[in-house]
Structure formats: structure tokens, C-alpha cells
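Step one of this worksheet: look at the structure below.
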Amino acid sequence: MSYESGKLGVAEGIALVFILTISRIFLSTPVAILDDAAGLAWLETFLHGVSAFILFWALLTVFQRFPGDLFSVSQILVGSFGAWLISLYYMAIFFINYIMILRQFAENTLITALPLTEFNVVIAAYAGVAAIVVYAGVEAMTRATSILLPFGIFLLLLVMALLIPFYNVYNLAPWQGTGLGPVLWGSTAKAGVDFGIFVFVILAPAFHSLKTIRTASLWGMGLSLLLRSLSMLVYTLIFGVDVGREKVLPFFEMARLVYLNRYVQRIEALFIVLWVLTGTLNLAASLYVGLYILTRLFKLPSMRPLIFIVTIILAELAMLPTDVITVIEWDGKALLFFDIGIYVIPVILLVAATIKLRRKEGGGWDFDSPQ
């Protein structure tokens with residue numbers, strides 16, 4: 001398999017999947033996971049990422065035999081109508097993610113840093129900056145993200161290290177959480193959080209090769225999973241299950257506890273910059289992928305004329321919910337919808353590829369030979 005036309009390497013791929021999967025660490029998603037699994041919330045966080053990763057790697061075997069992007073490969077395996085449905089679905093989930101992330105980051109910015117600012121101004125600022133990033137192109141977006149990535153990881157680890165004096169291991173009790181059954185079910189149902197890993201098959205021709213995609217997905221998803229699981233563990237160690245369930249912004253609450261000395265305190269203001277950057281880059285990545293699919297479906301020569309009109313439409317939709325509680329409820333339901341893209345569609349493509357190869361070759365798979 002060869003995607004020689006692509007210009008994105010391993011670093012850009014790591015940055016892309018990392019930014020699409022790590023952002024919810026700053027939102028209320030960890031609280032929902034804590035509510036499911038109690039003391040084993042860290043394990044549930046890790047397992048739902050593993051579920052998405054296994055299905056994604058299984059799907060890569062299809063792309064090994066059928067080079068191309070998601071739309072062209074789906075056309076071969078399930079026909080043009082099926083390819084349209086699959087592409088429309090993935091376009092929808094990236095746009096829905098954009099809407100949910102935009103509204104939540106805007107609300108959180110108002111709560112934590114700019115309480116006197118007009119809501120419309122904050123929404124417009126996030127949406128406008130993300131649109132400008134998309135206008136610069138995927139290479140500029142991913143390379144800028146890859147430059148910021150080490151600093152972001154360092155700051156996240158620094159906060160967790162500075163909170164060591166607050167750790168209470170008994171907050172993890174009972175050690176089995178809510179039980180193995182609820183934890184496994186929760187890890188299955190919340191795999192939609194990691195839908196971003198499928199960006200590799202949507203933008204496959206943009207990468208150098210299948211090896212690039214494998215390496216980038218392994219490191220990007222691995223780093224994101226470890227940081228999210230570690231953050232969930234630290235959050236539980238500090239607040240415990242009962243108090244932890246009452247927080248709206250888990251990571252912000254952790255950063256507020258950091259106290260270095262009487263002259264250096266309230267460092268959470270510095271971390272607001274980090275999660276504003278993370279939210280903006282997540283918005284840009286989601287908008288870019290949704291527009292890429294839209295452009296691909298209608299065979300348009302460029303996505304640039306669509307950027308600002310689609311941004312305005314999505315920003316208007318993000319302002320429809322009446323309050324942040326409604327947004328969080330809708331976001332939880334959206335994650336269940338995202339599960340279709342994690343479990344159902346990869347299995348359909350795998351089955352279709354197996355049937356097609358068996359009919360053509362009269363035998364099994366040969367993963368090393370391109371179609």
C-alpha cells in the first residue's frame with residue numbers, strides 16, 4: 001500500500017489524533033465516567049480507548065488491501081450509496097463534535113476567566129480562530145499542534161506532580177469500583193469519546209504510508225490514553241468519588257489546588273491558556289475533517305469557500321441549547337451515536353472486504369499484497 005502523495009508524517013499524525021481525543025479531559029466527560037465506575041474510573045477510561053483502537057487497527061487491514069480514503073474504499077466495498085451513507089455519518093459526527101466542544105469550551109471560558117464577557121463574543125472568538133487555522137491548511141494546523149504538544153504534555157504532568165501532597169489512596173476504595181460488569185459496559189458505551197482515531201482512514205492519502213499511520217496512531221492514541229487515565233486516577237485520589245461527582249470542570253478544580261508559596265499561587269490562570277489552545281485546535285481539526293468529507297462527496301476543487309459559511313452555521317447551532325447542563329446531556333447522547341462509527345461501520349467494511357476477497361481469490365486474506 002502506498003500513499004506517496006501525502007505530506008503528513010508521524011509527528012503530524014500523532015498531533016492530530018492526540019488533539020482530537022485529549023480535549024475532553026478539560027470538560028465534564030471525566031465526571032460521567034466517575035459516575036459509572038467510581039474507583040475504577042481510570043480503568044474504564046483506558047478500556048474505552050483500547051476498544052476504539054482495536055477496531056481501528058482491524059479496519060487498517062482493509063486499507064492495506066484497498067488503498068485510498070474512506071470514501072473511495074467504501075465505494076469499492078459497499079457501493080456508491082453505501083459510501084455516501086458512511087461518509088455522511090462520519091461528517092456528521094465531526095460536525096456534532098465541533099458543536100458540542102465549541103459550546104462547552106465557550107461556557108467554561110465564561111465560568112473560569114471571562115464572566116463579564118458577552119456569550120456571543122466568546123463563541124465568535126473560538127469559531128473565528130478555528131476557521132482561520134483551517135484556512136491555513138491541514139499541514140499548518142498539524143505542525144503547529146505538534147510544536148505545542150510537548151509543552152502541553154509537560155504542563156499536564158506538572159499539575160499532577162504538584163498535587164502529590166493531596167493524594168489519598170483510600171479515595172480509590174472500594175477497589176472494585178461499581179463492579180466489573182458496569183465498568184466493562186461503561187468502557188464499551190463510551191468508546192465514542194475516541195472516534196477521532198478514525199481521522200487516519202478519512203485522510204489516509206494525506207499520510208506518507210500505512211506504516212506512518214500505524215506508528216502515529218499507536219503513539220498518539222497511546223499518549224492520549226495514558227494521560228487521560230492518569231488524570232482520572234489523580235482526580236479520584238484527590239477528590240474521591242462522592243465529591244468528584246459534584247464537580248463540573250475536573251481538571252480546572254485540580255489546578256486550583258496547586259499552591260507553591262504565598263507569592264506563586266492560583267496558577268490555574270496559566271492553564272486556562274492551555275485548554276483554550278487545546279479547544280481551539282480540536283475545533284479546527286473537527287471542522288477540517290468535516291469539510292474534507294463534504295468536499296470529497298461533492299467533488300469540489302477546494303474547501304476554502306465553505307469554511308466561513310459552515311463555521312457560521314455550526315456556531316449558530318452551538319448556541320441553540322438553553323444552558324450548559326442541556327449541552328452536557330446532549331453530549332452524552334452524542335457519544336452513544338459516535339459508537340456506531342467505532343463498532344458498526346468498521347465491522348461492515350471488514351465483512352464486505354472479506355467477502356469480496358474470497359469471491360475474487362477463492363481463498364482467505366493476504367494482508368501483504370495490495371489490491
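All values below were derived from every heavy atom in this structure, side-chain atoms included, with hydrogens, water molecules and symmetry-related copies excluded.
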Checklist entry - Hey, quick one: are Ile312 and Leu317 part of the same hydrophobic cluster, counting side-chain heavy atoms closer than 4.5 Å, chains of contacts allowed? => result no
Next on the checklist: Side chains of Val248 and Val31, heavy atoms from C-beta outward: is any pair under 4.5 Å?
Outcome noted: no
Next on the checklist: Quiz question: by atom type and distance under 3.5 Å, do the side chains of Asn97 and Arg24 form a donor-acceptor pair?
Outcome noted: yes
Next on the checklist: Checking the side chain of Ser23 only, and the main-chain atoms of Ile19 only, is there a donor and an acceptor separated by less than 3.5 Å?
Outcome noted: yes
Checklist outcome for this item: Smallest heavy-atom separation, Ile14 atom then Gly220 atom, equals CG2-CA, 3.8 Å
Next on the checklist: Under a 3.5 Å threshold, yes or no: a donor from one side chain and an acceptor from the other, between Asp69 and Tyr292?
Outcome noted: yes
Checklist entry - Which class fits the ring pair Phe105 and Tyr126: parallel under 30°, tilted 30 to 60°, perpendicular over 60°? => result tilted
Next on the checklist: Looking at Val234, is its backbone amide N or carbonyl O close enough to the side chain of Tyr167 to form a donor-acceptor pair, meaning the two atoms are under 3.5 Å apart?
Outcome noted: no
Next on the checklist: A side-chain contact here means heavy atoms from C-beta on lying under 4.5 Å apart; do Met303 and Tyr288 qualify?
Outcome noted: yes
Checklist entry - Which word best sums up how the rings of Trp275 and Phe26 line up, parallel for under 30°, tilted for 30 to 60°, or perpendicular for over 60°? => result tilted
Item to check | Least distance between heavy atoms, Leu350 atom then Ala58 atom | outcome: CD2-O, 3.3 Å
Item to check | 4.5 Å side-chain heavy-atom contact, Glu139 and Glu12 | outcome: no
Item to check | Leu233 vs Leu43, side chain to side chain contact (heavy atoms under 4.5 Å, CB included): CA-CA, chis, key distance, verdict | outcome: CA-CA 9 Å; Leu233 178 65; Leu43 180 61; over 6 Å; no
Checklist entry - Knowing that exactly one of Ile307, Leu314, Ile309, Ile313 qualifies, which makes a side-chain contact (heavy atoms from CB on, under 4.5 Å) with Thr311? => result Ile307
Next on the checklist: Tell me whether the rings of Trp84 and Phe71 are parallel (<30°), tilted (30 to 60°) or perpendicular (>60°).
Outcome noted: perpendicular
Checklist entry - Quick one: do Lys333 and Glu329 make a salt bridge, cutoff under 4.0 Å? => result no
Checklist entry - Could you state the interatomic distance from CG (Leu20) to CG (Asn282), rounded to the nearest 0.5 Å? => result 5.5 Å
Checklist entry - What about Phe337 and Tyr89, are their ring centers closer than 6.0 Å? => result yes
Checklist entry - Hey, what do you get for CG (Asn168) to OG1 (Thr236), rounding to the nearest 0.5 Å? => result 11.5 Å
Item to check | Common cluster, Ile325/Met100, ILVMFWY with side-chain heavy-atom separation under 4.5 Å | outcome: no
Checklist entry - Would you say the side chains of Thr145 and Thr142 form a donor-acceptor pair under 3.5 Å? => result no
Checklist entry - Side-chain donor-acceptor pair under 3.5 Å between Trp57 and Ser217, yes or no? => result yes
Item to check | Within-4.5 Å side-chain heavy-atom neighbours: Ile238 and Asn171 | outcome: no
Item to check | 4.5 Å side-chain heavy-atom contact, Leu306 and Leu300 | outcome: yes
Checklist entry - For the hydrophobic clusters of this structure (ILVMFWY residues joined by side-chain heavy atoms under 4.5 Å, transitively), does one cluster hold both Phe119 and Leu283? => result yes
Next on the checklist: The test is side chain to side chain contact (heavy atoms under 4.5 Å, CB included); show your working for Leu40 and Thr178 and say whether it passes.
Outcome noted: CA-CA 8 Å; Leu40 285 183; Thr178 52; over 6 Å; no
Checklist outcome for this item: Tyr343 and Ser51 have their tightest heavy-atom pair at OH-CB, 3.7 Å
Next on the checklist: Assigning hydrophobic clusters by single linkage (Ile, Leu, Val, Met, Phe, Trp, Tyr; side-chain heavy-atom cutoff under 4.5 Å), is Leu162 placed with Leu274?
Outcome noted: yes
Checklist entry - Using 4.0 Å as the upper bound for N to carboxylate O, is an ion pair formed by Lys190 and Asp36? => result yes
Next on the checklist: Quick one, Arg296 with Ser72, criterion side chain to side chain contact (heavy atoms under 4.5 Å, CB included). Give me CA distance, side-chain angles, the key distance, then yes/no.
Outcome noted: CA-CA 10 Å; Arg296 188 79 173 83; Ser72 59; 3.6 Å; yes
Checklist entry - Any idea which heavy atoms bring Pro346 and Gly341 closest together, and the distance? => result CD-O, 3.4 Å
Checklist entry - When the ring centroid of Tyr235 is compared with that of Phe239, is the distance short of 6.0 Å? => result yes
Next on the checklist: Parallel, tilted or perpendicular, judged at 30° and 60°: which one describes the rings of Phe338 and Phe195?
Outcome noted: tilted
Next on the checklist: Do Arg65 and Thr61 pair up side chain to side chain, a donor and an acceptor below 3.5 Å, judged on atom types alone?
Outcome noted: no
Next on the checklist: Quick one: does any side-chain atom of Asp331 pair with a main-chain N or O of Val327 as donor and acceptor, under 3.5 Å?
Outcome noted: no
Checklist entry - Are any of the side-chain heavy atoms of Asp194 and His48 separated by less than 4.5 Å? => result yes
Item to check | From CA spacing to verdict: side chain to side chain contact (heavy atoms under 4.5 Å, CB included), Leu349, Ile86 | outcome: CA-CA 10 Å; Leu349 294 179; Ile86 290 172; 4.0 Å; yes
Item to check | Heavy-atom donor-acceptor pair, Ser231 side chain to Arg228 backbone, under 3.5 Å | outcome: no
Item to check | Beyond-backbone contact of Leu237 with Leu172, side-chain heavy atoms, under 4.5 angstrom | outcome: yes
Next on the checklist: How close do Ala127 and Leu102 get, counting heavy atoms only, and between which atoms?
Outcome noted: N-CD1, 4.1 Å
Checklist entry - More than 12 foreign heavy atoms under 6.0 Å from CZ of Phe46: is that the case here? => result no
Next on the checklist: Any side-chain to backbone donor/acceptor pair from Asp339 onto Ile342? Under 3.5 Å, distance only.
Outcome noted: no
Item to check | Donor-acceptor contact below 3.5 Å, side chain Thr280 vs main chain Val276 | outcome: yes
Checklist outcome for this item: In this structure, CD1 of Ile272 is separated from CG of Asn108 (nearest 0.5 Å) by 10.0 Å
Item to check | Sub-4.5 Å side-chain heavy-atom contact between Pro321 and Trp330 | outcome: yes
Item to check | Val183-Trp185 co-clustered via ILVMFWY side chain contacts under 4.5 Å | outcome: no
Next on the checklist: Nearest 0.5 Å, please: how far is CD1 in Ile293 from CD1 in Ile93?
Outcome noted: 8.0 Å
Next on the checklist: Testing the basics here: between Gly9 and His208, what is the closest heavy-atom pair and its distance to 0.1 Å?
Outcome noted: CA-CD2, 3.6 Å
Checklist outcome for this item: One should read off an interatomic distance between Phe207 CZ and Thr212 OG1, to the nearest 0.5 angstrom, of 8.5 Å
Checklist entry - To the nearest 0.5 Å, what is the distance between CD1 (Ile33) and CD (Glu44)? => result 6.0 Å
